[in-house]
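Structure record follows, encoded as structure tokens.
Both counts, for ligands and for their atoms, begin at 1 and track the order of listing.
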Amino acid sequence: MYAKVLVLRFPPEIVDKPIITNLVRSYNLTFNILKAQIFPRKEGLMVLELRGNKLDYDRGIEYLKRIGVRIEPIDQSIKRDDEACFQCGACTAVCPTGALYIKRPEMEVIFDSERCSGCEWCVKVCPAHAMTVTLSEAE
Ligand code: SF4
Ligand code: SF4
């Protein structure tokens, strides 16, 4: 089973099409929508985890590209400024996916971008403004 969290950006002309339904029906993929901003006649944004066997996954990605969906791995949209982070741990208390966690016994705050859902809670609580998310470009 292959799984990856992706940021999908839908151009306005296809934002109302049943694209995710097609992914499930035609490519045997399952998904978990982590975030969605879809408005009629505007670019849409979706963060989702896509799962399936690798061949189906690759075919599904090809389908999305063919119809004009822009696809980015989530780690292109969320970054931690390691110079600014002073390891206070506040973000680990709010991160719902475990992308930010404390490694013990070192007590080091680790950021695993592949587990991030783009919820932006860490951005709101970080006293050092070390976390930045650029998902909102589509708004
Ligand atoms: S945006 Fe921040 S709080 Fe939300 S899942 Fe990603 S790392 Fe965790
Ligand atoms: S809240 Fe900010 S400063 Fe504190 S550990 Fe998380 S990223 Fe670093």
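- Comment: Asp56 does not engage Lys54 in a salt bridge, judged by the lack of any side-chain N to carboxylate O separation of less than 4.0 angstrom.
- In terms of heavy atoms, Gln87 sits closest to Val109 at OE1-N, 2.6 Å.
- Listed by number with element, the atoms of ligand 1 under 4.0 angstrom from any heavy atom of Phe111 are 7 (S).
- Remark: side-chain polar atoms of Thr97 are paired, donor with acceptor, to backbone N or O of Arg115 under 3.5 angstrom.
- Heavy-atom contacts of Ser117 reach the following atoms of ligand 1: 5 (S), 6 (Fe) (cutoff under 4.0 Å).
- The closest protein non-hydrogen atom to atom 8 (Fe) of ligand 1 is Cys95 SG, 2.4 Å.
- Each of the atoms 1 (S), 4 (Fe) of ligand 1 lies under 4.0 Å from some heavy atom of Glu120.
- Less than 4.0 angstrom separates some heavy atom of Cys122 from each of these atoms of ligand 1: 1 (S), 2 (Fe), 3 (S), 7 (S).
- Using a 4.0 Å cut-off between charged nitrogen and carboxylate oxygen, Glu106 and Arg104 do not count as a salt-bridge pair.
- Of all protein N/O/S atoms, those under 2.8 Å from atom 4 (Fe) of ligand 2 are Cys88 SG, and waters are not counted.
- Residue Val94 places no heavy atom under 4.0 Å from ligand 1.
- Of the possible donor and acceptor atoms, one in the side chain of Thr92 sits under 3.5 Å from a partner among the backbone N and O of Gly89.
- Residues Glu49 and Leu34 come closest through the heavy atom pair N-CD1, 4.3 Å.
- Under 2.8 Å from atom 4 (Fe) of ligand 1 lies an N/O/S atom of Cys119, whether from backbone or side chain.
- Given atom 6 (Fe) of ligand 1, the protein heavy atom at minimum distance is Cys116 SG, 2.4 Å.
- Looking only at atom types and distance, the side chain of Tyr63 has a donor-acceptor partner in the side chain of Asn22 under 3.5 Å away.
- Of the protein's heavy atoms, Leu100 CD1, 3.5 Å lies nearest to atom 7 (S) of ligand 1.
- Taking each heavy atom of Cys95 and Ala99 in turn, the nearest pair found is SG-N, 3.3 Å.
- At a heavy-atom cutoff of 4.0 Å, ligand 1 is contacted by the side chain of Ile78 but not by its backbone.
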Step by step, work out the salt bridge (charged side-chain N to carboxylate O under 4.0 Å, His left out) result for Lys79 and Asp81.
CA-CA 7 Å; Lys79 306 256 185 262; Asp81 179 347; over 6 Å; no
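- Of the inter-residue distances, the one linking Ile14 atom CD1 with Ile67 atom CD1 reads 4.5 Å to the nearest 0.5 angstrom.
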Starting from the C-alpha separation in whole Å, work towards a yes-or-no answer on side-chain contact (heavy atoms from CB on, under 4.5 Å) for Ile61 and Tyr57.
CA-CA 6 Å; Ile61 294 293; Tyr57 177 90; 3.7 Å; yes
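- Within the listing of ligand 1, atoms 5 (S) sit less than 4.0 angstrom from a heavy atom of Thr97.
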